[in-house]
Amino acid sequence: PLVIYRNLDIPILIIDPVTESETWQDYTPENVKLKDLHAELVTHRIYNETQHHAHLQRPEWFINDLKLLVVKVKKRL
């Protein structure tokens with residue numbers, strides 16, 4: 001993500017599902033770096049005990065985080 005988002009200029013939400021699965025790839029360190037690089041623009045949420053389809057598995061968390069993102073976006077307009 002660091003290369004893709006190096007010129008980021010709008011707020012984004014990163015949902016980082018975390019699980020104990022043997023096949024799970026941990027992207028948290030990269031996402032933390034991105035958050036540090038663009039602290040005012042990146043909202044990084046860790047969804048513990050959640051699979052890849054986090055928005056379906058944790059709809060309440062997702063909707064709440066999405067509402068907060070919309071507020072951030074509207075402030076920048």
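Heavy-atom basis, side chains included; hydrogens, waters and symmetry copies ignored. Note that this is a predicted model, so its numbers are computed, not measured. For reference, positions follow the sequence shown, starting with 1.
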Novice: Given the rule that I, L, V, M, F, W and Y join up when any side-chain heavy atoms are under 4.5 Å apart, are I4 and L41 in one cluster?
Specialist: yes
Novice: K35: what forms a side-chain hydrogen bond (donor to acceptor under 3.5 Å, both in side chains) with it, not counting sequence neighbours?
Specialist: none
Novice: Roughly how far, to the nearest 0.5 Å, is CG of N48 from CH2 of W61?
Specialist: 6.5 Å
Novice: What's the shortest heavy-atom distance between L8 and V42, and which atoms?
Specialist: CD2-CG2, 3.7 Å
Novice: Any side-chain heavy atom of V18 within less than 4.5 Å of one from Y47?
Specialist: no
Novice: Please check this pair: side chain of Y27 against backbone of P17, looking for a donor-acceptor N/O pair closer than 3.5 Å.
Specialist: no
Novice: By side-chain hydrogen bond (donor to acceptor under 3.5 Å, both in side chains), which residues pair with T28, not counting sequence neighbours?
Specialist: D16, D26
Novice: Treating H38 as the side-chain partner and Y5 as the backbone partner, does any N or O pair qualify as donor plus acceptor under 3.5 Å?
Specialist: yes
Novice: Supply the atom-to-atom distance I14 CD1 to I12 CD1, rounded to the nearest 0.5 angstrom.
Specialist: 4.5 Å
Novice: Just to verify, what does Q57 make a side-chain hydrogen bond (donor to acceptor under 3.5 Å, both in side chains) with, not counting sequence neighbours?
Specialist: none
Novice: If you measure from NE2 on H44 to CD on E30, what distance do you get to the nearest 0.5 Å?
Specialist: 11.0 Å
Novice: Supply the atom-to-atom distance E40 CD to D9 CG, rounded to the nearest 0.5 angstrom.
Specialist: 10.5 Å
Novice: Please check if atom CD in E49 has more than 12 non-hydrogen atoms from other residues, nucleotides or ligands closer than 6.0 Å.
Specialist: no
Novice: Give every residue pair that meets the salt bridge (charged side-chain N to carboxylate O under 4.0 Å, His left out) criterion with at least one member in residues 67-77, sequence neighbours excluded.
Specialist: none
Novice: Please identify each residue that fulfils side-chain contact (heavy atoms from CB on, under 4.5 Å) with L66, with sequence neighbours left out.
Specialist: L13, F62, L69
Novice: With distance as the sole test, does R6 use its side chain to make a donor-acceptor pair with the main-chain N or O of V3 at under 3.5 Å?
Specialist: yes
Novice: With sequence neighbours left out, what residues match R45 under salt bridge (Lys or Arg N to Asp or Glu O under 4.0 Å)?
Specialist: D65
Novice: Which heavy atom of L56 sits nearest a heavy atom of P59, and at what distance?
Specialist: O-CD, 3.4 Å
